[in-house]
Amino acid sequence: MDFGFILNNAPLLMEGAAMTVALAIGALLGATIGGGVVAGLRMSRHAPLRCVGAGFVEIMRNTPILVQIFVLYFGLPTLGVHMSAFTSAVLAMSLQNSAYIGEIYRAGLESIHPRQREAALALGMMPGMALRVILLPQALRRVLPPLGNQFIIIIKDTSVASTIAVAELTQASKLLLDRSAAPYETFATVALIYLAISAGVAGVLKLAEWRYPVRVS
Amino acid sequence: MFHRMSRLAGGLVALAMGLGLNVAAAQESRLDTIVKRDKVIVAVSSTARPNGFIDENGRHTGFEVEFARLMAKALVGDPDKIELMTTTVDGRFPAVLSGKADFGISTATIYPDRAVRLAFTRPYIDSSTLVVVPKGSQIKTLADLDNENVVLGSTNSAAMVDRAKKYAPKAKAIFFDTDSAAALALKSGRSTAWQADSAAANFFVGHNGDEFVVLDGSLGTINNNAIFMKPGDFPLWLALDTIVREYVNGSRYGEYAALYKTWFGKEPPPQRPFNQN
């Protein structure tokens with residue numbers, strides 16, 4: 001094992017890692033917000049909106065992320081829509097993970113006993129206030145562990161962006177591998193970088209879980 | 001006591017024999033393994049027309065794939081005694097270094113950096129880098145590539161990245177995992193030019209001549225593409241290198257020339273006699 005050339009190419013890997021972090025932040029924000037919209041649609045009182053939400057979730061969950069990225073990047077230009085590779089990747093990951101995170105939110109909200117909402121309304125709260133003050137604080141604590149898992153999946157999924165020419169960490173490692181023909185050193189280093197990024201996010205979420213523990217009512 | 005000692009001695013002898021066998025196995029050349037197995041395992045591409053791709057009938061073919069069959073014919077006597085291991089650009093070297101494949105034929109250019117960790121035979125083909133642009137493009141010459149409005153696509157290989165930096169530093173360079181994706185980028189308007197191996201570029205324009213053209217001249221030097229394998233196995237390397245020489249410039253030149261003409265539509269470079277009488 002010779003890690004000398006890895007040190008010589010550290011700037012290339014660091015640039016790739018920075019792009020991976022940028023992709024992950026974009027996709028995490030997009031999916032966190034999009035998940036809220038999906039959960040809202042899925043739990044709507046109106047049947048057509050529930051159908052839209054369910055259809056979105058099924059399409060997003062049951063098609064590969066690679067296909068979704070290719071459709072956005074290569075397919076949309078034929079319809080006159082031109083997005084950069086970065087935007088296409090962030091959007092594809094946001095859309096797919098909105099479906100998963102929406103379901104996580106929904107599960108969290110539905111795990112709160114219905115009587116709590118009824119009690120809030122009986123106390124004179126408006127439905128929106130009951131959601132904001134009573135239901136969401138409890139649901140968010142319960143969804144933190146599965147949300148953490150999904151966030152780590154998003155970070156690892158960023159590697160798919162290399163297929164549409166986003167110069168992220170995996171693409172940088174492929175270039176390094178092609179130049180050096182040293183797969184073990186290259187992949188070991190890249191795995192450690194991914195581990196560091198994922199462990200950072202996991203640590204923040206663990207901290208949040210510790211700070212906001214689930215209170216059993 | 002004696003019984004226990006004799007059992008211990010027996011165990012040590014068995015252990016020594018086992019170690020001895022392991023040493024012998026470790027010293028066995030992969031060439032012997034291939035011959036005993038009666039089949040070769042070759043890492044090839046499936047997304048790089050015309051070198052390795054899946055044709056309309058679902059057959060894995062291409063110049064390099066058929067050349068791999070010729071290598072199988074020379075090694076085990078039958079071009080069909082071959083297992084094609086499909087890899088991407090980034091998977092081709094690990095395929096041989098990990099021992100999954102006996103050797104690889106996958107548009108691998110010989111570079112000094114690579115030669116440190118891989119063993120290459122002599123080249124089976126020379127390649128150059130051509131640039132494909134849409135017909136009617138503002139890019140008329142290779143010099144026009146160095147422009148901020150140019151988006152130059154290619155595969156994510158070290159050579160392509162270096163060429164993009166050297167010949168078109170002002171252009172935006174984008175790199176894909178496969179030639180197929182890079183070609184798709186040109187077709188969909190994601191890139192305005194595509195730098196590709198000469199075989200891939202000529203094949204693409206041959207099939208899309210209404211829409212695309214190859215610019216005159218080549219980008220950079222002529223490179224040598226060669227069979228690559230895990231280093232340290234001299235008997236296998238010598239056999240492969242000798243067979244390549246026999247095809248490219250020796251007793252089996254006729255088969256090589258026919259294959260070359262099938263895929264590139266022209267004769268290969270003529271044989272170069274060493275000492276013809």
Side-chain angles (χ1 to χ4, degrees), chain A residues 1-6 8-9 11-13 15-16 19 66-67 69-89 159-191, chain B residues 47 87-100 104 106-120 151-162 164-165 172-178 180-192 194 228-231:
Chain A
M1 299 280 262
D2 168 23
F3 285 90
F5 77 96
I6 295 281
N8 295 336
N9 287 282
L12 175 71
L13 290 175
E15 280 177 29
M19 180 58 82
L66 188 63
V67 172
I69 283 186
F70 273 28
V71 166
L72 290 180
Y73 185 70
F74 290 121
L76 287 187
T78 59
L79 303 174
V81 180
H82 291 268
M83 284 185 291
S84 71
F86 179 85
T87 310
S88 301
S159 61
V160 182
S162 69
T163 57
I164 56 166
V166 179
E168 47 69 71
L169 184 56
T170 298
Q171 194 189 64
S173 69
K174 287 175 178 176
L175 180 60
L176 195 53
L177 170 61
D178 190 66
R179 197 183 294 277
S180 64
Y184 306 118
E185 295 91 334
T186 305
F187 288 141
T189 306
V190 168
Chain B
T47 55
T87 66
T88 53
V89 169
D90 44 301
R92 57 190 172 168
F93 300 148
V96 297
L97 291 172
S98 65
K100 300 279 185 195
S106 183
T107 48
T109 303
I110 303 173
Y111 288 115
D113 295 0
R114 291 176 178 171
V116 174
R117 294 179 181 82
L118 285 170
F120 288 98
V151 181
L152 181 60
S154 68
T155 49
N156 184 34
S157 78
M160 295 290 179
V161 172
D162 291 346
K165 281 181 187 164
K172 184 187 177 192
I174 54 175
F175 304 104
F176 297 89
D177 283 357
T178 63
S180 303
L184 183 58
L186 184 69
K187 273 189 163 181
S188 64
R190 283 291 179 184
S191 64
T192 52
W194 170 36
F228 53 93
M229 55 171 275
K230 190 176 182 176

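Nothing here was measured: the structure is a model prediction, and the numbers come from that model.
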Practice task
Against chain B, label A/Thr78 side chain, backbone, both or neither, depending on which of its atoms sit under 4.5 Å from a heavy atom there.
Solution key: neither

Exercise for the section: Using non-hydrogen atoms and a 4.5 Å limit, figure out which bit of A/Ser88 sits close to chain B: side chain, backbone, both or neither. Expected result: side chain

Practice task
Measure from the side-chain N and O atoms of A/Gln171 to the backbone N and O of B/Phe175, and report whether any donor-acceptor pair falls under 3.5 Å.
Solution key: yes

Handout entry: Side chain, backbone, both or neither of B/Ala182 within contact of chain A (heavy atoms, under 4.5 Å)
Key = neither

Completion exercise
Whatever's closer than 4.5 Å to a heavy atom in chain A on B/Leu118 counts as side chain

Problem - Engaged part of B/Val161 at the chain A interface, taking heavy atoms whose separation is under 4.5 Å - result: side chain

Problem - Inter-residue atom distance B/Arg117.CZ - A/Leu177.CG, 0.5 Å rounding - result: 10.5 Å

Problem - Separation of A/Thr163 OG1 from B/Phe176 CZ (nearest 0.5 Å) - result: 9.0 Å

Completion exercise
Under 4.5 Å to a heavy atom of chain A? For B/Thr178 that would be neither

Exercise for the section: Could you look at A/Ser84 and say if it's the side chain, the backbone, both or neither that has a heavy atom under 4.5 Å from chain B? Expected result: backbone

Practice task
Identify the heavy atoms of B/Ala158 and A/Asp178 that sit nearest to each other, and give their distance.
Solution key: N-OD2, 2.8 Å

Fill in the blank from the handout: The interface call for A/Phe70 against chain B, heavy-atom contacts under 4.5 Å, is neither

